[in-house]
Amino acid sequence: MELDLPLIWSFLIAFSVLAYVLLDGFDLGIGILFPFFNKGAERDYAMNTIAPVWDGNETWLVLGGGGLFAVFPLAYAVVLPALYAPLTIMLLGLVFRGVAFEYRWRSRNSQAKWDLAFFGGSLAAAFCQGLALGALVQGIEIVDRAYAGGWWNWLTPFSLMTGVSVVIGYVLLGSTWLVLKTSGPVQDKAYDFAKPALWSFLGVILVVSLWTPFLNPVFMSRWFAVPQIFYTAPVPVFVCVAALVLFRGLKEKRDGSPFMASVTLFILTYVGLGISFFPYMVPPGLTIWQAAAPDESLAFLLAGTAVLVPLILIYTSYSYWVFRGKVDPGEGYH
């Protein structure tokens with residue numbers, strides 16, 4: 001049986017994006033929460049929970065972006081000019097936070113400025129990721145296999161809502177990560193941050209979920225037409241179950257279950273997004289097969305990726321295994 005290479009690659013790119021969102025999401029969330037921790041020991045403690053792994057997390061962003069360019073060049077050629085502004089700001093935000101991450105430890109006299117850069121870069125990157133997602137979901141205008149919209153088409157009420165949603169979601173991931181990795185006053189604050197973040201995230205999930213079907217008739221049929229509704233209904237049910245587990249974990253001051261439930265919430269929302277999107281690479285008119293490179297190129301790249309992705313997974317898993325458990329407040333990575 002002949003392999004459907006574009007379909008295989010679409011799942012690989014989707015997996016890379018999901019891995020990036022989950023792994024980089026919690027450290028962006030910590031950056032957004034940074035101003036709410038006391039200067040000095042509390043901020044150092046929060047940062048030390050991600051210091052050994054934060055730069056490795058962004059490997060998945062490179063893999064997803066590079067894979068899109070190589071495997072779905074038409075989608076890349078359409079999406080990039082449509083989203084130049086938010087993607088450029090996102091990358092600048094990641095650069096700012098990366099530089100601030102290192103320099104705040106080297107220049108104690110200017111630490112407050114670097115802390116501000118870490119917060120600003122994290123917030124900008126998270127918000128712009130949400131803007132780009134919203135612009136993609138609402139649809140990109142394509143004429144003759146090229147972007148045909150304007151410079152500001154990405155900026156709409158829906159994309160602003162998805163931008164806020166991603167920021168809130170990352171705050172939830174970041175706060176529950178701190179619950180998992182810290183103790184004492186920092187963990188207490190993380191519990192306090194996670195509770196409103198949970199309710200806010202559920203609220204924006206509800207708004208975006210009800211709004212999205214009205215953007216495209218295909219989305220509407222996926223979620224509300226019969227018999228499709230019977231296949232998609234379990235997703236919101238599982239969201240409610242994950243939210244309940246998260247709420248109980250926070251209420252009972254558990255360490256591990258809040259973070260795992262937060263990750264589950266993100267995975268479920270991502271699955272919901274995939275249900276709406278498939279088989280489109282760029283809604284409303286560019287499918288996976290239309291956007292894909294020739295099969296010969298896909299097969300050649302797949303051979304290399306079959307080696308590369310397992311190596312990245314092994315390295316990432318080993319890194320988190322080595323640095324598992326609570327972080328000692330008295331010790332630091334730097």
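In what follows, every heavy atom counts, from backbone to side chain, and hydrogens, waters and symmetry copies are set aside.
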May I have all residue pairs that pass salt bridge (Lys or Arg N to Asp or Glu O under 4.0 Å) and include part of residues 238-250, sequence neighbours excluded? Arg248-Glu252

Within a 6.0 Å radius of atom [atom1] on [X], are there more than 12 heavy atoms belonging to other residues, nucleotides or ligands?
X      : atom1 : value
Phe96  : CZ    : no
Phe278 : CZ    : yes
Tyr270 : OH    : yes
Lys326 : NZ    : yes
Tyr320 : OH    : yes
Phe238 : CZ    : no

Could you walk me through whether Leu63 and Val309 pass the side-chain contact (heavy atoms from CB on, under 4.5 Å) test, one step at a time? CA-CA 9 Å; Leu63 183 62; Val309 170; 4.0 Å; yes

Is any side-chain heavy atom of [X] closer than 4.5 Å to a side-chain heavy atom of [Y]?
X      : Y      : answer
Val137 : Phe219 : yes
Asp24  : Leu61  : no
Met161 : Trp211 : yes

So, [X] side chain and [Y] main chain: donor-acceptor pair closer than 3.5 Å or not?
X      : Y      : value
Tyr170 : Phe127 : no
Tyr191 : Lys251 : no
Thr49  : Leu178 : no
Tyr147 : Ile140 : no

Under a 4.0 Å threshold between the charged nitrogen and the carboxylate oxygen, would Asp115 count as salt-bridged to Lys39?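 Result for this pair is no, no salt bridge flagged.
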
Centroid-centroid distance, Trp60 to Phe15, less than 6.0 Å: yes

Step through it carefully: locate the ring centre of Phe266, locate the ring centre of Phe201, and say whether they are under 6.0 Å apart. yes

Same hydrophobic cluster for [X] and [Y], using side-chain heavy-atom links shorter than 4.5 Å among ILVMFWY?
X      : Y      : answer
Leu250 : Leu244 : no
Leu202 : Leu206 : no
Met220 : Ile205 : yes

Is it true that Asp4 and Trp289 share a donor-acceptor pair across their side chains at a distance under 3.5 Å? yes

Might you work through the side-chain contact (heavy atoms from CB on, under 4.5 Å) test for Phe277 and Leu136, ending with a clear yes or no? CA-CA 10 Å; Phe277 260 54; Leu136 188 61; 3.9 Å; yes

Does Phe37 have Lys189 sitting over its ring (NZ/CZ under 6.0 Å from centre, angle to axis within 45°)?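 Verdict for Phe37: no cation-pi partner in Lys189.
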
Smallest heavy-atom separation, Cys128 atom then Met90 atom, equals CB-CB, 3.9 Å

Residue from Tyr280, Phe11, Phe72 passing side chain to side chain contact (heavy atoms under 4.5 Å, CB included) with Ile288: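 For Ile288, the side chain to side chain contact (heavy atoms under 4.5 Å, CB included) check succeeds only for Phe72.
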
Starting from the C-alpha separation in whole Å, work towards a yes-or-no answer on side-chain contact (heavy atoms from CB on, under 4.5 Å) for Thr316 and Thr59. CA-CA 10 Å; Thr316 301; Thr59 303; over 6 Å; no

For the residue pair Trp177 and Phe26, categorise the inter-ring angle as parallel (less than 30°), tilted (30 to 60°) or perpendicular (more than 60°).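 If you compare the ring of Trp177 with that of Phe26, the planes turn out parallel.
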
List the steps and the verdict of side-chain contact (heavy atoms from CB on, under 4.5 Å) for Met281 and Ile13. CA-CA 11 Å; Met281 179 59 65; Ile13 297 297; 5.9 Å; no

Show your reasoning for whether side chain to side chain donor-acceptor pair (under 3.5 Å) applies to Gln187 and Asp255. CA-CA 9 Å; Gln187 187 187 48; Asp255 286 352; 2.9 Å; yes

